[in-house]
Amino acid sequence: MEKLITADEVKDVLQYDRLIDVMEKALVLFSKKNVVQPVRTVLPVKKEGGFFGVMPSVCEDSDILGVKLVTFFPNNTQRYGVATHNAVIVMFEIKTGLPKAIMDGEIITTMRTAAVSAVATKYLAPSGTRKLAILGAGVQARSHYHALSKLQKFEEITVWSRTFDSAKKCADEIGGVACHTAEEAVKDADVIVTVTAATTPILELKWVKPTAHINAVGACQPDWQEISPELMRSSVLYVDSKEAAVRESGDVILSKAEIYSELGEMISGEKEARRESLTILKSLGMAIEDSMAGQLVLDLLNEKSHQSKY
Ligand SMILES: NC(=O)C1=CN([C@@H]2O[C@H](COP(=O)(O)OP(=O)(O)OC[C@H]3O[C@@H](n4cnc5c(N)ncnc54)[C@H](O)[C@@H]3O)[C@@H](O)[C@H]2O)C=CC1
Ligand SMILES: O=C(O)C1=NCCCC1
């Protein structure tokens, strides 16, 4: 095994511009069936109310063979003062199957999720977009602000979360305004991001603009919801993986909303980008996103070591 890569090393090289392009490619490869990837295996860890996810993927066309091991312990921050999502990614040589790197997966999870939402937003945000609303004030709230800001400068940014204090802290960091209610935060928003650990709906149809684009990122269990069933059914629904959405997403399963398209199908032009409709990306996260982001980290570290030689 050649490399052990720390979170600081990943943070040092990974940037949104390159990552957004790589995520777009990963989504297309997946929807064109060039990726072997089972729906993730999820093992409950009941005492802490958490779970352990195993996410392998292979894409022979792109020389990718990797796996992410990820834990989600929703009470970690409050109980122990550590992150709620933790992960490692292991990359293997496609030719020999030899392991080539083990790297921190927390930063990749944080950034690749926001990069995927940025891809969706690039295609689905209404023309003349000016206001971004973020519901949730944790790690993904911040990464979504940074990734989406690569697309455009928002004239107005609002943040709502469970406590006003946490919304205010996040809003102050990103130059936004904290709101006391989710309804107030999403009023007139063109792009909405839901990044909470909520298990029941926090966003209602009657609050949102009829052309808004929503990146629905939380609620990754079959009995968890972030979006009201009426809102799910009234939107043009995009997903990262149809197979995963009908197995893992409470928002999809409980509302019985019809899936319009995978993001990869929309990017490659097989399905329309319905920019002027009310749209939702239901994001669950895919193994190929992690493996391709992991390979990008290896490429960037390689580029960096060459630069320092000359
Ligand atoms: N789709 C994907 O690929 C990924 C999705 N996620 C999901 O995104 C969500 C956010 O993740 P992080 O920011 O990393 O977590 P975090 O733990 O850093 O932040 C969670 C936020 O949700 C808020 N929250 C918790 N319960 C709530 C409730 N009932 N109502 C409103 N707000 C509530 C917390 O106060 C906090 O602001 C989680 O649901 C997570 O599982 C995370 C990584 C990848
Ligand atoms: O894709 C991921 O990684 C995750 N998705 C849902 C929440 C846990 C991590």
Side-chain angles (χ1 to χ4, degrees), residues 23 26-27 37 39-43 45 49-57 67-89 105-120 134-147 159-171 173 178-179 181-182 185 193-203 215-222 224-227 239-241 244-245 247-252 263 280-291 293-294:
M23 290 303 98
L27 291 160
Q37 173 192 291
V39 174
R40 81 185 127 218
T41 301
V42 175
L43 312 180
V45 185
F51 67 72
F52 174 48
V54 182
M55 303 175 67
S57 63
V67 61
K68 181 168 84 172
L69 306 175
V70 59
T71 55
F72 175 31
F73 283 49
N75 302 314
N76 262 6
T77 309
Q78 275 173 339
R79 281 186 194 162
Y80 307 116
V82 296
T84 51
H85 296 75
N86 291 281
V88 289
I89 295 170
E106 186 195 339
I107 302 299
I108 287 179
T109 302
T110 299
M111 293 180 69
R112 66 73 155 141
T113 306
V116 168
S117 294
V119 172
I134 302 178
L135 307 185
V139 169
Q140 290 291 339
R142 287 153 173 93
S143 62
H144 274 72
Y145 160 74
H146 290 293
V159 182
W160 168 84
S161 194
R162 253 187 324 188
T163 64
F164 185 75
D165 283 354
S166 66
K168 172 98 174 61
K169 186 163 182 282
C170 179
E173 269 175 51
C179 297
T181 65
V193 177
T194 62
V195 277
T196 72
T199 55
T200 54
I202 53 152
L203 185 60
N215 295 299
V217 176
C220 62
Q221 296 273 284
W224 292 1
Q225 291 166 290
E226 244 189 347
I227 310 293
V239 295
D240 39 18
S241 154
R247 289 258 298 276
E248 289 194 315
S249 167
D251 283 323
V252 173
L263 275 186
I280 294 182
L281 162 65
K282 178 57 235 168
S283 160
L284 287 160
M286 297 203 295
I288 191 61
E289 297 163 3
D290 297 305
S291 296

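We're numbering straight along the sequence, starting at 1. Read the numbers this way: they start at 1 and go in the same order the structure lists the ligands and their atoms. The structure displayed is predicted, hence computed values, not measured ones.
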Exercise. Does any N or O atom in Thr109 lie less than 3.5 angstrom from one in ligand 1, N or O only?
Worked result: no

Quick check on ligand 2: any N or O pairs to the protein under 3.5 Å? One line per pair.
from: ligand 2; atom 1: 1 (O); to: Arg40; atom 2: NH1; distance (Å): 3.0
from: ligand 2; atom 1: 1 (O); to: Arg112; atom 2: NH1; distance (Å): 3.4
from: ligand 2; atom 1: 1 (O); to: Arg112; atom 2: NH2; distance (Å): 2.8
from: ligand 2; atom 1: 1 (O); to: Leu284; atom 2: O; distance (Å): 3.4
from: ligand 2; atom 1: 3 (O); to: Lys68; atom 2: NZ; distance (Å): 2.5
from: ligand 2; atom 1: 3 (O); to: Arg112; atom 2: NH2; distance (Å): 3.2
from: ligand 2; atom 1: 5 (N); to: Arg40; atom 2: NH1; distance (Å): 3.3
from: ligand 2; atom 1: 5 (N); to: Leu284; atom 2: O; distance (Å): 3.1

Seminar exercise, completed: Of all protein heavy atoms, the one nearest atom 18 (O) of ligand 1 is Val139 N, 3.0 Å

Exercise. Can any side-chain N or O of Lys168 pair as donor or acceptor with the backbone N or O of Ala178 at less than 3.5 Å?
Worked result: no

For this session: Please work out which of Val70, Val217, Thr196, Val159 has its closest non-hydrogen atom nearest to atom 9 (C) of ligand 1.
Result: Thr196

Seminar exercise, completed: Taken to the nearest 0.5 Å, the spacing of Ser241 OG from Arg247 CZ works out to 9.5 Å

Seminar exercise, completed: the protein heavy atom lying closest to atom 21 (C) of ligand 1 turns out to be Val195 O, 3.9 Å

Exercise. Any idea how His85 and Phe72 line up, ring-wise: parallel (<30°), tilted (30 to 60°), or perpendicular (>60°)?
Worked result: parallel

Exercise. Under the side-chain hydrogen bond (donor to acceptor under 3.5 Å, both in side chains) test, which residues partner Thr71, sequence neighbours left out?
Worked result: none

Exercise. Any donor-acceptor pair under 3.5 Å linking the side chain of Ser143 with the backbone of Gln140?
Worked result: yes

For this session: For Ser161 and Thr163, indicate whether the former's side chain and the latter's backbone hold a donor-acceptor pair under 3.5 Å.
Result: no

Exercise. What do we get for Thr84 next to ligand 1 when only non-hydrogen atoms under 4.0 Å count, side chain, backbone, both or neither?
Worked result: side chain

Exercise. Tell me, which protein residue and heavy-atom name are nearest atom 43 (C) of ligand 1, and how many Å apart are they?
Worked result: Gln140 NE2, 3.7 Å

Exercise. Taking side chain as C-beta onward, heavy atoms only, is Thr84 less than 4.5 Å from Val139?
Worked result: no

Seminar exercise, completed: The closest protein heavy-atom partner of atom 19 (O) of ligand 1 is Gly138 CA, 3.4 Å

Seminar exercise, completed: So the atoms of ligand 1 within less than 4.0 Å of a heavy atom of Gly285 turn out to be 1 (N), 2 (C), 3 (O)

Seminar exercise, completed: The atoms of ligand 1 lying under 4.0 Å from a heavy atom of Trp160, numbered in the order shown, are 31 (C)

Exercise. Is the closest N or O pair between Phe72 and ligand 1 shorter than 3.5 Å?
Worked result: no

Problem set entry | Top protein contact for atom 44 (C) of ligand 1, by heavy-atom distance | Thr113 OG1, 3.2 Å

Exercise. Would one find an N or O of Ala137, backbone or side chain, under 3.5 Å from an N or O of ligand 1?
Worked result: yes

For this session: Find the distance between CZ (Arg142) and OG1 (Thr110) and round it off to the nearest 0.5 Å.
Result: 11.5 Å

Seminar exercise, completed: the protein heavy atom lying closest to atom 34 (C) of ligand 1 turns out to be Arg162 NH2, 3.7 Å

Exercise. Can you tell if the side chain of Arg40 reaches within under 4.5 Å of the side chain of Glu248, non-hydrogen atoms only?
Worked result: yes

Exercise. Are the side chains of Glu226 and Leu135 in touch, meaning some heavy atoms are under 4.5 Å apart?
Worked result: no

For this session: Say whether Arg112 and ligand 1 are in contact under the criterion: heavy-atom distance to a ligand atom below 4.0 Å.
Result: yes

For this session: From atom 22 (O) of ligand 1, work out which of Gly218, Gly136, Ala197 has a heavy atom at the shortest distance.
Result: Ala197

For this session: Not counting sequence neighbours, which residues clear ring-ring contact (aromatic ring centres under 6.0 Å, His included) with Tyr145? List them please.
Result: none

Seminar exercise, completed: One should read off an interatomic distance between Ile227 CD1 and Ile280 CD1, to the nearest 0.5 angstrom, of 5.5 Å

Problem set entry | Sub-4.0 Å heavy-atom approach of Ser161 to ligand 1 | yes

For this session: Output all residues satisfying ring-ring contact (aromatic ring centres under 6.0 Å, His included) with Phe52, sequence neighbours left out; order by chain, then residue number.
Result: none

Exercise. Is it true that Phe73 lies under 4.0 Å from ligand 1, counting heavy atoms only?
Worked result: no

Seminar exercise, completed: Exactly one candidate in Ile89, Val70, Thr109 meets side chain to side chain contact (heavy atoms under 4.5 Å, CB included) with Met55; the answer is Val70

For this session: Specify side chain, backbone, both or neither for Ser283, according to which of its non-hydrogen atoms lie closer than 4.0 Å to ligand 1.
Result: both

Problem set entry | Pairwise distance CE(Met286) to CZ(Arg112) - rounded to 0.5 angstrom | 8.5 Å

Problem set entry | Heavy-atom nearest neighbour in the protein, as seen from atom 41 (O) of ligand 1, with distance rounded to 0.1 Å | His85 NE2, 2.9 Å

Problem set entry | Leu284, portion touching ligand 1 at heavy-atom distance under 4.0 Å | backbone

Exercise. Can you check whether Gln225 reaches Ile202 side chain to side chain, under 4.5 Å on heavy atoms?
Worked result: no

